[in-house]
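Below is one structure, written out as structure tokens; the observations come after it.
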Amino acid sequence: MNAIVKETFKRRTRDEMAACVARDIPEGAYVNLGIGLPTLVANHLPKGREVFLHSENGILGMGPAPAKGEEDWDLINAGKQPVTLLTGGAYFHHADSFAMMRGGHLDICVLGAFQVAANGDLANWHTGAPDAIPAVGGAMDLAVGAKRTFVMMEHQTKAGESKIVAQCSYPLTGVACVRRVYTDLATIDITAAGLKVLDMAEGLTLAELQHITGVPLQAA
Amino acid sequence: MNAIVKETFKRRTRDEMAACVARDIPEGAYVNLGIGLPTLVANHLPKGREVFLHSENGILGMGPAPAKGEEDWDLINAGKQPVTLLTGGAYFHHADSFAMMRGGHLDICVLGAFQVAANGDLANWHTGAPDAIPAVGGAMDLAVGAKRTFVMMEHQTKAGESKIVAQCSYPLTGVACVRRVYTDLATIDITAAGLKVLDMAEGLTLAELQHITGVPLQAA
Amino acid sequence: MIDKIVASVADALADVQDGSTILMGGFGGAGMPSELIDGLIEQGAKDLVIVNNNAGNGETGLAALLKTGHVRKIICSFPRQADSHIFDGLYRAGKLELELVPQGNLAERIRAAGAGIGGFFTPTGYGTDLAKGKETREINGRMYVLESPIHGDVALVKAEKGDRWGNLTYRKAARNFGPIMASAAKCAIAQVYETVELGALDPENIVTPGIFVKRVVRVGRAAAQLKVAA
Amino acid sequence: MIDKIVASVADALADVQDGSTILMGGFGGAGMPSELIDGLIEQGAKDLVIVNNNAGNGETGLAALLKTGHVRKIICSFPRQADSHIFDGLYRAGKLELELVPQGNLAERIRAAGAGIGGFFTPTGYGTDLAKGKETREINGRMYVLESPIHGDVALVKAEKGDRWGNLTYRKAARNFGPIMASAAKCAIAQVYETVELGALDPENIVTPGIFVKRVVRVGRAAAQLKVAA
């Protein structure tokens, strides 16, 4: 890995990754986008496609950020940034909001991750560092509650290690919950029969992707 | 019992029993009145006293029956009779309504009964007859959910047997849940130290009441 | 564009399968989805399990459905009523299975299904025949019974207004089981008296957000009110 | 006549005891009952357990309360934030106990307390460090963790409007934990921007019925909004 001198393929940008996720969200889907990278997905949903964004703090039908100066601090998203409400949206309290997540009513949630294991285990809430202050928020609820949990992350750490691993070394968020991973290198389905590569970054071969990735891959 | 030829005391009428209960409901109390006899209590609450009546089917601040011709069949009580809503009342769904009952938010519920045991066991939902079709409604929730459960019933069966018993022979509604019993003969508190007679029908003596009642009584 | 409003009761119910568990709103007549029940009778699905607070009144609504013989089992809190003779007859003849559930357990079990709860401990029913054979536990000095969620394949709900996203409001005490039943079924179908434009319902006052609702069908008010009052 | 509206924040908080568990509404700044928190600091109750989604931001509100040293323990889902330095310092110094709870479990545990549930099985957290030592169970092929209710002595809630019976409405996503916290505390205190006549709130749209609320106190909107935005 560290030996690669020059990449012959073109890594997907964060926006390209978001576009890949957005492409797979059908009209009418109820979707929760986790804080961080996944929030970019909202920018790539086609204008005409009605998708219902859920925010854990009691919003369904969440709209884009308000214009500068129009912020309403009673209307924020999970990342505590000001948002808007679409026509047809609704407010509700926290137990009802998490009932939507935990009761299997969301079609898709998209989460960031530190690591994803080949069996779908997810680690995204805690580095496990002894001096780190933990914070979990709604990650564990989303991971196991949505009908399908997608992960969106860089394929490798800054040190070049694969974040798709045989077994997570970081503390788990959920067990065997991830269905699909979108990275800057590929889109990979996690199935009972193993990891299946749905698509790859331009110029990347399956052999190269396998070389970079920590666990066995198959063509889809 | 069957040998009593003429009663030298004056049994309380159903309205007098209801008045006894109403007297003990303080201003500001949240109260559920069970179907049957307990519904009479509402008629005896003093006009100026604000008491909040709860109906299991999602009403708080229930008012009296509407005038003839003004019935609204979307606004009925637990007995499925048309009622009204007081100014300041509210509607909510069934899980929220029973959360009020089961979460200990009602100060008082008043229930009818077949039998009450000396330890507070309540039997009021089923005679246990093999061909009877059972129906429980909200009785079991009320019996154990309210801060204080009052029972309002005739002291004796038609055959003259005491309905206050050492142990219920009918199927239980709740275990050790009744705090006070209002009958046509007396008001009796159920305490850890035994049954205490708070008041009696006019002309009745404690000795007579004890003779009629199936379990040991004490003066309060 | 998402439009959950369907043209007819028949369209709304077309795919109800034999053997389905149907969560049916209503407390007595209030909130009873009469048109959807009539539609279900017409649709003809058999071997049904019905979850409702009661077991039908008179000859209409749920009582009429029971009369078809298409209901295998009913889960309810209060079957016996002055005019529940159709249920009474079937039950006594051994043609209808009854699971009697305290009303609060019924509501909480439905709510649990919608909220993804696998089971919960409740004090209601402890020490009674209705808790026989159920797991119990002492928690902080009080005795509790373990109860399980009640999931539905279909929910039939009567609401007041609905929009094309499936957002619903109710009217007075007709709300009762509607919101929790909508949340607990794979396919919640709401009959409404009024379909409104998106945005016509105040986002602060939507009682059932559209995420819980698959189909909305408008029915006439007059006919329904007559039936409720009957 | 019942009148739950009290004259001042100080009156509303006068009887808060040392050692109390305080359920505190808010998700970040939205729904944070800033005036009641300031009042609690002034009131001086010590040895508190605070239940809130977060652990304070900047130097105001919950962060300011933490700074007094009067908080023994905090139960929350998301303490670490860009501006949670007061919490961070106390926690690192071992001066503040932390019970970290997945946000959905936090909400459901509070709701369970209000609804009289003794415990419930949830899939959230199964197989993670936050379920360590907790009872687990397989139900219909899925693994669940047993979670317990969180009861409060006091709830501090920010609502929008309130009346003398304690009925409350909220504003937008400031609703968040308010309704469930009000239901789960022995004494729920609501700060509102507007006190209204009985009947001014539509009975269909009351979010927290007065049964859950002991006291209502009006606060000025301008001051609060500034704090929320800070």
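Order of the sequence lines sets the chain letters (A, B, ...), proteins ahead of strands, with each chain counted from 1.
- Looking at D/Arg221, its side chain never comes within 3.5 Å of a backbone N or O of D/Glu194 through a donor-acceptor pair.
- Here the side chain of A/Asp199 pairs a donor or acceptor atom with the backbone of A/Thr187 at under 3.5 angstrom.
- Under the 3.5 Å distance criterion, the side-chain polar atoms of A/Asp96 are left unmatched by any main-chain donor or acceptor of A/His93.
- Proximity to chain A involves both the backbone and the side chain of D/Phe177, based on heavy atoms less than 4.5 angstrom apart.
- Panel note: side chain D/Asn176, backbone D/Ala30; a donor-acceptor pair is recorded below 3.5 Å.
- By number of non-hydrogen pairs under 4.5 angstrom with chain A, the leading residue of D/Ala174, D/Ser84, D/Ala55, D/Ala131 is D/Ala174.
- The backbone N or O of A/Ala186 lies less than 3.5 Å from a partner atom in the side chain of A/Thr183, making a donor-acceptor pair.
- Of residues 138-152 of chain A, those residues lying under 4.5 Å from chain D by any heavy-atom pair are A/Gly138, A/Met140, A/Asp141, A/Val144.
- The candidate with the highest count of non-hydrogen atom pairs below 4.5 Å against chain A, out of D/Ser77, D/Pro179, D/Pro123, is D/Ser77.
- With respect to chain D, the highest number of heavy-atom pairs below 4.5 Å among A/Gly174, A/Gly89, A/Ala135 belongs to A/Ala135.
- For D/Tyr170, no part sits under 4.5 Å from any heavy atom of chain A, backbone or side chain.
- For the set D/Leu100, D/Ile180, D/Asp129, the entry with the most heavy-atom pairs within less than 4.5 Å of chain A is D/Leu100.
- Using a distance-only test at 3.5 Å, with no hydrogens or angles considered, no donor-acceptor pair links the side chain of A/Glu70 to the main chain of A/Lys68.
- Heavy-atom pairs under 4.5 Å with chain D were tallied for A/Ala78, A/Gly58, A/Ser55, A/Cys177; the largest tally goes to A/Ala78.
- Heavy atoms of D/Arg111 lying under 4.5 Å from chain A belong exclusively to its side chain.
- Both the backbone and the side chain of A/Ile133 come within less than 4.5 Å of a heavy atom in chain D.
- Heavy-atom distances place the backbone of A/Asn77, and not its side chain, under 4.5 Å from chain D.
- Among A/Leu172, A/Val175, A/Asp121, A/Val136, the residue making the largest number of heavy-atom pairs under 4.5 Å with chain D is A/Val136.
- For a residue to count as touching a neighbouring chain, one of its non-hydrogen atoms must lie under 4.5 Å from one of that chain's; by this rule D/Val207 does not touch chain A.
- Under a 4.0 Å N-O distance rule, the pair A/Arg12/A/Asp184 does not qualify as a salt bridge.
- Between the side chain of D/Gln191 and the backbone N or O of D/Glu35, at least one donor-acceptor pair lies under 3.5 Å.
- A/Thr213 places no side-chain N or O within donor-acceptor distance of the main-chain N or O of A/Gln210, the cut-off being under 3.5 Å.
- Without hydrogens or angle criteria, D/Lys4 side chain to D/Gly210 main chain gives a donor-acceptor distance under 3.5 Å.
- Among residues 97-120 of chain A, the residues having any heavy atom closer than 4.5 Å to a heavy atom of chain D are, in sequence order, A/Phe98, A/Arg102.
- Under the 3.5 Å distance criterion, with hydrogens and angles disregarded, a donor-acceptor pair is assigned to the side chains of A/Asn32 and A/His54.
- With a 4.5 Å cut-off on non-hydrogen atoms, D/Asn105 touches chain A through its backbone and its side chain both.
- Residue D/Leu106 does not touch chain A at all, counting heavy-atom pairs closer than 4.5 Å.
- Side chain of D/Asp163 to backbone of D/Val196: no donor-acceptor contact under 3.5 angstrom is found.
- If you tally non-hydrogen atom pairs under 4.5 Å between each of D/Ala173, D/Gly127, D/Gly178, D/Ala107 and chain A, the highest count goes to D/Ala173.
- Contact between A/Val31 and A/Ile25 at its shortest, heavy atoms only, is CG2-CG2, 3.7 Å.
- Checked against side-chain contact (heavy atoms from CB on, under 4.5 Å), D/Glu138 has the following partners two or more places apart in sequence or in another chain: D/Met143.
- One finds no salt bridge joining A/Lys163 and A/Glu154 here, because no Lys/Arg side-chain nitrogen approaches an Asp/Glu carboxylate oxygen to under 4.0 Å.
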Run the numbers on D/Lys172 and A/Asp74 for salt bridge (Lys or Arg N to Asp or Glu O under 4.0 Å), then give the verdict. CA-CA 6 Å; D/Lys172 301 188 177 180; A/Asp74 282 344; over 6 Å; no
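- The side-chain contact (heavy atoms from CB on, under 4.5 Å) test applied to A/Ala42 returns A/Leu33, A/Leu53, not counting sequence neighbours.
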